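Reading through the structure tokens given below for one structure.
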Amino acid sequence: MLAILTLIATVLLPPLGVAMKKGLGTDFLINLVLTLIFFIPGLIHGLYVNYVAGGSRALA
């Protein structure tokens, strides 16, 4: 269920999805900047970070 919510958050608001999966770190800041510049690069980066790149850090 959490995986589905993370995917929905990543598609609708990429920085939120990245924050849910990786926490408020470098990946979140990069995604926030990309999303503010233009939505599509932020979406692509969010999907890449959450589902392609290895390792997962949770917010705990």
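On a predicted model such as this, the values are computed, not experimentally measured, just so you know.
- Put simply, CG on Leu16 and NZ on Lys21 are 13.5 Å apart, with the number rounded to the nearest 0.5 Å.
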Considering only distance and modelled atom types, tabulate donor-acceptor pairs under 3.5 Å from the side chains of residues 32-47, sequence neighbours left out.
| from | atom 1 | to | atom 2 | distance (Å) |
| --- | --- | --- | --- | --- |
| Thr35 | OG1 | Asn31 | O | 2.8 |
| Thr35 | OG1 | Asn31 | OD1 | 3.3 |
| His45 | ND1 | Asn31 | ND2 | 3.1 |

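- Residues that satisfy the side chain to side chain contact (heavy atoms under 4.5 Å, CB included) test with Leu29, not counting sequence neighbours, are absent from this structure.
- The side-chain hydrogen bond (donor to acceptor under 3.5 Å, both in side chains) pairs that include a residue from residues 4-16 are Thr10-Asn50, where partners are two or more places apart or lie in different chains.
- Considering all non-hydrogen atoms of both residues, Phe28 and Ala19 come closest at CD1-CB, 3.9 Å.
- Note on Met20 and Ile8: separate hydrophobic clusters, where clusters join Ile, Leu, Val, Met, Phe, Trp and Tyr whose side-chain heavy atoms are under 4.5 Å apart, directly or indirectly.
- Remark: Leu12 CG is packed, more than 12 non-hydrogen atoms of other residues, nucleotides or ligands lying under 6.0 Å away.
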